Amino acid sequence: MAQMNMIQALNSALDAVLADDPKTLIFGEDVGYFGGVFRVTDGLQAKHGLTRCFDAPISEGGIIATAIGMGAYGLRPVVEIQFADYILPAFDQLVSEAARLRYRSNGEFWAPITVRSPYGGGIFGGQTHSQSPEAIFAHITGLKTVIPSNPYDAKGLLIASILEDDPVIFLEPKRLYNGPFDGHHDRKLRTWAGHASAEVPEGLYTVPLGKAAIVREGADVTLLAYGTMVHVGLAAIEESGIDAELIDLRSIVPLDIDAITASVTKTGRCVILHEASRFGGFGGELSALVQERCFYCLKNPIERVAGWDTPYPHAFEWDYFPGPARVIAALRRTMEA
Amino acid sequence: MAQMNMIQALNSALDAVLADDPKTLIFGEDVGYFGGVFRVTDGLQAKHGLTRCFDAPISEGGIIATAIGMGAYGLRPVVEIQFADYILPAFDQLVSEAARLRYRSNGEFWAPITVRSPYGGGIFGGQTHSQSPEAIFAHITGLKTVIPSNPYDAKGLLIASILEDDPVIFLEPKRLYNGPFDGHHDRKLRTWAGHASAEVPEGLYTVPLGKAAIVREGADVTLLAYGTMVHVGLAAIEESGIDAELIDLRSIVPLDIDAITASVTKTGRCVILHEASRFGGFGGELSALVQERCFYCLKNPIERVAGWDTPYPHAFEWDYFPGPARVIAALRRTMEA
Amino acid sequence: MDDRVELSLHIPEPFARPGETPTFDHVDIPAAGATRRPAVDAAEVDMRDLPYGMVRVLDADGRAVGPWASQMDPEFLRRGLRAMVQTRVFEDRMFRAHRQGKTSFFMKSTGEEAIGVAQSMTLAADDMCFPTYRVQGWLIARGYPIVDMINQIYSNASDPLKGRQLPILYSAREYGFYSLSGNVGSRFGHAVGWAMASAYMKDHRIALGYIGEGTTAEGDFHEALTFAAVYRAPVILAVTNNQWAISTFSGIAGAEQTTFAARAIGYGLPGLRVDGNDFLAVVAATEWAATRARTNLGATLIEFVTYRVSGHSTSDDPTKYRPSDEPVHWPLGDPVERLKQHLIALGEWSDERHEQMQAELTEAVRTAQREADAVGALGQSKPSAREMFEGVFKEPDWRVIEQRREFGI
Amino acid sequence: MDDRVELSLHIPEPFARPGETPTFDHVDIPAAGATRRPAVDAAEVDMRDLPYGMVRVLDADGRAVGPWASQMDPEFLRRGLRAMVQTRVFEDRMFRAHRQGKTSFFMKSTGEEAIGVAQSMTLAADDMCFPTYRVQGWLIARGYPIVDMINQIYSNASDPLKGRQLPILYSAREYGFYSLSGNVGSRFGHAVGWAMASAYMKDHRIALGYIGEGTTAEGDFHEALTFAAVYRAPVILAVTNNQWAISTFSGIAGAEQTTFAARAIGYGLPGLRVDGNDFLAVVAATEWAATRARTNLGATLIEFVTYRVSGHSTSDDPTKYRPSDEPVHWPLGDPVERLKQHLIALGEWSDERHEQMQAELTEAVRTAQREADAVGALGQSKPSAREMFEGVFKEPDWRVIEQRREFGI
Ligand SMILES: Cc1ncc(C[n+]2csc(CCOP(=O)(O)OP(=O)(O)O)c2C)c(N)n1
Ligand SMILES: Cc1ncc(C[n+]2csc(CCOP(=O)(O)OP(=O)(O)O)c2C)c(N)n1
Ligand SMILES: [Mg+2]
Ligand SMILES: [Mg+2]
C-alpha cells in the first residue's frame, strides 16, 4: 500500500492495465513522451513502449473516432482529452457513434473505450479550462459517466471503467489532483498526504460503477455530490453543525438510485450540489428523481447548489464556484424552511 | 390572412425577413435551388437571389462556424441543419463560440445567428432522423432554444428569433409540418386546414420568446409541453376528462417561469411531457424548478412522461413515443396518488 | 473615387438545371490506359500527378488496356458481373417494395455497383469495410443472404438488427461490413482506427472506409486522413464521387476547384482518381492500394468517379433539381454494360447467358422476398418490443428495467 | 507458412529528445530568392510547386533578394522592427509578472514576432484578423495600449474584458482583432464566414485567420478551407508552423509526410510556404495573398515556418521534452536580428539606435505596467462581480437576475 495523490493513483491504474492486457493502449494530446499536461501518463511510454502510450494530433474528434475503430477491432483504448471543455469537438463521435454502436448493430460491434478528461474549476483556468459538462453526457443513452473524488476511488473506478465493454466518460476533478480541496480557496493548500483514501494498493483492483459511497452518515438531510463537491460538501456539513448524510455518487450513469432514495427516505431532506451551471444541469435530474421517489417523505423543498447560469468567469472564480458558504446556506434553508 | 401549414408559415417568415433586411441570408444543405428536403426554403433563392439563399457543403461545423463569422461581421444568418440529429458535429461551435462570444468579448462581438432544424420523431425516421436534443442546448449558458407547436407561432417565433441578437436554436417539430399530430398514429392524418393557428398573416410579425401560451385552461393539474407534445397533451386531456391546464412553453430558454409557477400554484399538480429520453432530459429541470417554487402547493408528485432511456428505435416508434395513453396514465396517477 | 474591386460572393452552380441541356464537359476524362501506374512504393513526390489523371482499364470497345490492366480470371469477372446485376435487381425490387408500403425507406446504388462489388471481391474475407449506404453490393458480392437484407429493410420479426435501425443501415461483421448509421461521415475515422489497431496487433488485416463526395466536407474526413497519414495506417480511404449529394452538385463540395483525389496530396498520401464505372479499374486500384496497406506503406485515398443514376433515396425526386435526362449524358457509361461488353469481347459471355442470369437473379430475389414477406413487411411483423430495451448497455441498468416494466413487458 | 508482411504501427518521433543533439536537417530550406513568385491570377495548376518551396527575401547577409523582394520604405521597416522589439520586451516582462504572481497565466511568441507584426502592418485598418494566442504583435503593431493588455492580463478593475477571460485572450474590434478563446482552431471558420459576409456585402474588407500547425489536425481547419475554396472567400488562412504544439512535435500533425502549405493543393488553392522569421517575406506573401483576396481571386493558405523559442506557456517547461539547446539550432534565425541586420545593411539603422530603442520600449512597458499595477494585479483588484452576470445574453433573463440577487449584489 502506498500513499498516492490522485495523479499517481490514476497513473498507477493505467500502468496496471497496460501491464495486464496487451489490448489496452493509451493515446491523446501530449500523453506520450511528455506524460500529459497533468502528468497522469508520466513514464508509461518509457515503461510500456511507444505504441502503448503515444501522442495524438490535436483533433479530439479524430481521437475518439479512431478509438472507436480500435474498440470495434477488439482493443481497449483509453484516450485522454486534455480538458473536458475540449471534448465538445468530439461530441458527435461520442453520441452518434460510441454510445449507439452496440444498440444499432444488435451487439455486433461496440465501443469499449474510456475517455479520461480533467474537468471542473478552481484552478483559475478561465472559461475553457474549468467547465463541468457531465449533464450533457448523462442525457445520452449508451454513455456511462464516472467522476471520482479521491485517489483510491480514482484508481479503482478507472480500472473498472477500462474493463467495461461500454463507452465511459471518466471525468477527473482537476482541482483534486493534488489535494482534497474543500472550497476554502483562501486557506492553506492541503495535499492528499495522510488522507485515508490516499492509501492506494499497487496492482489491479476495481471500484464498481454505479455504487455510491456514503461519505458521512447523517440523520437530518441528504447531501448529494460528486467530484470536488464531495469535499466542499463535507466541509460545509462540518461547519454547519447539521447532521447531514453525504453521498458521493461516484458515477452518475449508472446512478445508484437505491442509495439516494434510501438516504432521502431516512432524512426527508435533500440538497444537491454540483459545480456546473444550474439550469439544465445534472442536479435537475437528481431533483426530479428524488421528488418522484421520495415525495411523501420530503419535509422541505429539495435545494440545488450549483454554478451560476453564466460562463465560467476567470476573475470571479470564487464568486462563481459553489463553495461551503452557499452549501451551508442551502443546508440551513432546507432544515428551517 | 392565409391558411398555412407549418412549412408554409416558416417559408413565409423567411421570405418576409429576406425582403425586409438585406443583411439576412440563408444557407444550409440543399436549401438553395431545391428549397430544402422539407421544402421550407422553397422558392426563396429564385425570388431573392443566389447569394440570399444557397446550398452549403455537408459540414454542419463549417455552416455554424461561417455563420458566426458572418454574424460578427454584421449579417444575420439563418442556417438550416437538415436534421437536429446532425447538429452534433457543430456542437462545439455552438457552445464554445456562438454561446460565449458576447460574454467573453465584453460585447465587442456577438453571434446573431438562427439555427433552424427539424427535430423529433413520429415519421419513421429511425435513430438519426428522430431525436430531440433540446436538453443539451438548454444547459448551455448563452444559447436560446425555441420550439413552436403551430403555424402561427412558427412564423412569429422564427421572425423573433432572427431579430434576436443572441444565438437561437430553432427546433421545428417535423411531425407537425403538415398537420397537428396528437399521437394517434393509427388514426387518419389531419392537416392544418381549418385549425385556428393555421391562420397566418402575411408579412412581418413576431411572437415574443419567453412567453408561454396557455393552450387550455384547467383547474386540476398543469401539463407542461412543447412542440408535438402540445397536441399529444391536448388529446390526452380531452380523452381523460381531467380538467388540466395545458401550457405550451414555446421557448425553453428563455423559459416563462412565471406562467409555470402561476399555473402549478393554482392546480397543485404537474405533469411534464417531452419526446426526448427521460434521464437528463429537460423535464428534469422543469421538475426541479416546479418543486423548488411550488413545493408547498404540490398535492402529488410531479410526473414526467418522456421517451424511454434508449436510442430512438425504428420499428418501435410507437412503443417509444410518449403518446396519449401514457400521458393519460400520468394525469390519472397525479390526480389519484 | 474608389477604384478598388467590389468583392462578390461566389456561389457555385451546376451546369444544367431542369429544362436545360445536361453536360459533363467539366469532368476531365483521360482515355483508358492513359494514366500511369507507379510502383506501390514510389516516392510521394513522384505520385502527385495521379489525382489529376484517371485510372481506366476498359476502353470504348470493352478491351482492357494500359498499365492498370492485368490478366484476370474470367470466372472472377463473371462473379463480379453477377453480383452487380444481383444488386441492381435487388434494389429495383426494394424500391418497388417501398412504393407498396412494405418499408419506410430505401436507397439505390444504381450506376455505382462496380465500386462496392469489385472492392468486396478484391479485399480479403477478414478485412473490414466501413460502408456508406451506397455499397449494398459489398454484401451481395460476399453472399450475404438477401432475405436477411429484406428482413432488415422490413424491420420485421426476422430483422437481424431487431428493428432498431432504419432500412439498409445494415451491420454484418462476418461479412466485413461495419455497422452503418444515418449520420454521414462519422465512421470514416473508425476505419482508420480499426486499421491502426490491426497494425498495433501486428495483424495482416486492412480496412476500407467509404465516404460520399458531398460528405468529404465534414471535419471527419480531414481527421481520418490526418490520422491515417501520421500513423501510416493500413487503410484505403474511398471517396465515391457520384456527382450529387441529394440536390447538391459536387461543386458545393469543392469540385469546381480540383479533384477529390487531390485532397490526398495535402497529406502527403497517394491519391488515385479512378473510373468508378469500370469494374477492372476498381479492382486494379484497390489491389494497388491494398498492397501498399499490407506492406506498411500506409494509406491511399481513392476517388471513384461515378454517377448517381437514381434519386438520393425513396424520399427524393431528382427531376426537381437536375435535368431528367442527365443520367443518359453521363460519359462513363454503365458499369454492368461495360463489364458485360468486356466479357463478351473476351468470348467469355454472351447476351443469352446474360439474360438467363438476369432471369435467375430476378427469381432469386423474388424467392427471398417471398420468404421475407411471409415473415411480414413493415407494420405487419416486428421483433418483440423487448428488443427496444436491450443493448443500450451490455447489461441493462435500472432505468430500462423499470421502463420495460412500465411499458408492460 | 505465412509470408505476409507483419503490419506495424508507426508512431512519429522527433529527431531529438532531451540529452540528444538537436537537428533541423529535416526542414527543407531553399535559399533566399530561390522560390518563384507567380502572378496572383496564375492558374492553380501552375502554382502547385509553391508549397514545396519557401518564400524568403532576406539572405544570410541581410540583403533583400529574389522575386519576392520589393522596394520598401525604411520607415515602414523600422516601425516593424520597433513593434517586434516592443512585443518581445512586453512578453518578457509579463512572463516575469506571472512569476511574481501578478497573473494566473501567460504565453509568449518569442521568435515568431514577425508574423503578427508584419501582417498587422500589411493589412488594412478595417480588415479583420482571427488570431491565435501567439500574435500579440498584431495589437502592438497597431498601437493598442499596452496598459490595456496588462489590465486584461491582470484581470483587474480596468480589464477591458471585465475579468471574464483568461489572460491574453484579448478582443479588440477596433484594432481588427477578433475575440480569442481558449479552444484552439474554433475561430478559423469564423474568418471565412466574415470574409464571405464582406463579399456578400460587396465590401472591400478581407479576413485573416490564424491557426497553429498542431491545430491543423482539427476538423475546423478542413471545414474552413472547404468553405473558403467553394465560395472563393476573400480570406488569408495562415498556419504558424512553430514546430511544436505543447510537447508534441509537428510530425504528429503530419509534418513527416509533407508541408502544411501543401494542404492547399487538396482544395485547389494556392499554398505558400514562407520563412516566418523573415519580416520582408511575411510582408511580401501577405501582400500577394491580400491582392488575390481583394480582386475576387479567393483564398490563399500560407504556412509560416518559424520556431517556438519559449515554452508553450507559463505552465510549460520545454526542457522536459526537447533538448534545451534546440532553439539555438533553429536555422531560420531570429526575426528581430534579421530585420535589424537588413536595416543596418541598408544604412537605415545602427546598433546604437537599436539599443536606444530597446531602452525606450522597455521604459514604455515599465510605465504601462506601473499604471496597471496601480490599478492592481490579479487578486488585488477586479471588476465588480456584477460583471460576472452581465453579457450572457444581450438582456439578462430571470435566471441571472435572481442569481445576482442570491449572490447579494
Ligand atoms: C452528419 C449528416 N449531415 C447531413 C445528413 C443528411 N444527408 C444524408 S445523405 C446526404 C448527402 C450525402 O451526399 P454524398 O456524401 O455525396 O453521398 P451520396 O448520397 O451521393 O452517395 C445528406 C446531406 C446526414 N445524414 N448526416
Ligand atoms: C480544442 C482544443 N484542444 C486542445 C487544446 C489544448 N491546447 C492548447 S494549445 C495546444 C497546442 C497548440 O499547438 P499549435 O496549434 O501548434 O499552436 P502553438 O501553441 O504552437 O502556437 C493544445 C493542444 C485546446 N486549447 N483546444
Ligand atoms: Mg454523392
Ligand atoms: Mg505550434
Side-chain angles (χ1 to χ4, degrees), chain B residues 25 27 29-39 42 45 49-63 65 82-83 85-86 88-90 92 123-131 186 277-279 305-320 326 329, chain C residues 8-14 17 104-105 154-156 159 161-167 169 181-186 212 214-221 245-249 251-254 312 315-316 320-321 378-379 382-383 385 387-392 397 399-400 403-404 406-407 409:
Chain B
L25 82 171
F27 62 110
E29 295 159 21
D30 300 297
V31 304
Y33 182 91
F34 181 56
V37 296
F38 289 103
R39 329 291 308 127
D42 193 27
Q45 182 181 83
L50 194 58
T51 62
R52 304 295 306 283
C53 179
F54 56 86
D55 290 336
I58 303 174
S59 171
E60 293 75 17
I63 290 169
Q82 204 161 82
F83 287 87
D85 315 73
Y86 307 142
L88 300 184
D92 184 53
I123 61 149
F124 263 117
Q127 284 188 35
T128 62
H129 302 93
S130 307
Q131 294 170 92
D186 39 5
S277 288
R278 175 151 49 187
F279 196 83
V305 181
W308 307 122
D309 288 316
T310 73
Y312 208 104
H314 180 255
F316 311 105
E317 176 135 48
W318 303 121
D319 303 315
Y320 177 91
R326 279 167 61 197
Chain C
S8 72
L9 184 61
H10 171 71
I11 312 289
E13 285 206 274
R17 286 295 191 187
S104 56
F105 182 76
Y154 284 180
S155 291
N156 68 17
D159 173 4
L161 302 186
K162 306 292 181 200
R164 298 198 193 126
Q165 259 299 29
L166 199 66
L169 299 183
S181 167
N183 305 51
V184 297
S186 47
T215 308
T216 60
E218 293 281 6
D220 305 88
F221 174 77
I246 310 186
S247 77
T248 303
F249 87 118
I252 295 287
H312 173 70
S315 316
D316 182 43
K320 287 251 173 68
Y321 50 79
L378 181 74
K382 65 178 187 180
E387 291 296 345
M388 173 170 65
F389 296 106
E390 297 290 323
V392 179
D397 76 3
R399 296 174 299 166
V400 287
Q403 291 174 13
R404 196 173 66 197
E406 188 182 336
F407 179 73
I409 51 170

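Order of the sequence lines fixes the chain letters, A, B, ..., with proteins taken first and strands second; residue numbering starts at 1 for each chain. For clarity, every value in this text was computed on a predicted model and none was experimentally measured.
A salt bridge links C/E390 with C/R404: the distance from a Lys NZ or Arg NE/NH1/NH2 to an Asp or Glu carboxylate oxygen falls below 4.0 Å.
In this structure, no portion of B/A329 lies under 4.5 Å from any heavy atom of chain C. With a threshold of 4.5 angstrom between heavy atoms, C/L169 does not approach chain B through any atom at all. Looking at B/Y312, the atoms closer than 4.5 Å to chain C (heavy atoms on both sides) all sit in the backbone: N, CA, C or O. For B/Y86, the part sitting under 4.5 Å from any heavy atom of chain C is the side chain, from C-beta outward, and nothing else. B/D85 touches chain C through its backbone: at least one of N, CA, C or O sits under 4.5 Å from a heavy atom, while the side chain does not.
Here C/I11 is the residue among C/V392, C/L9, C/L161, C/I11 with the most heavy-atom pairs under 4.5 Å with chain B. Residue with the most contacts toward chain B among C/V400, C/D316, C/D397, C/I246: C/I246 (heavy-atom pairs, distance under 4.5 Å). Chosen from C/H312, C/K382, C/K162, the residue pairing most often with chain B at heavy-atom distances under 4.5 Å is C/K382. When each of C/I252, C/N156, C/T216 is checked for heavy-atom pairs under 4.5 Å with chain B, C/I252 comes out on top. Between chain B and the residues C/P383, C/S181, C/A253, C/S315, the largest count of heavy-atom pairs under 4.5 Å involves C/P383. The candidate with the highest count of non-hydrogen atom pairs below 4.5 Å against chain C, out of B/G126, B/G62, B/A315, B/S130, is B/A315. When B/G61, B/P57, B/G35, B/P89 are compared by the number of non-hydrogen pairs under 4.5 Å with chain C, B/P57 comes out ahead. When each of B/I58, B/V37, B/L50 is scored by its heavy-atom pairs under 4.5 Å with chain C, the top score falls to B/I58. Among the candidates C/Q165, C/K320, C/R164, C/R17, the residue making the largest number of heavy-atom pairs closer than 4.5 Å to chain B is C/R17.
In this structure, B/D30 and C/S247 approach most closely via the heavy-atom pair OD1-OG, 2.7 Å.
Every residue was checked against the salt bridge (charged side-chain N to carboxylate O under 4.0 Å, His left out) condition with B/E317, not counting sequence neighbours, and none meets it. Checked against side-chain contact (heavy atoms from CB on, under 4.5 Å), B/A306 has the following partners two or more places apart in sequence or in another chain: B/H274, B/R278.
Geometrically, B/R52 does not engage B/F27 in a cation-pi contact, judged by NZ or CZ lying under 6.0 Å from the ring centre and within 45° of the ring axis.
A distance of 6.0 Å or more separates the ring centres of C/Y321 and B/Y33. Here the two rings, on B/Y320 and C/F407, have centers that are 6.0 Å apart or farther. Note: B/F124 and C/F105 fail the aromatic proximity criterion, with ring centroids not under 6.0 Å apart.
C/Q403 contributes atom CD, which lies 4.0 Å from atom CG of B/D309 (distance to the nearest 0.5 angstrom).
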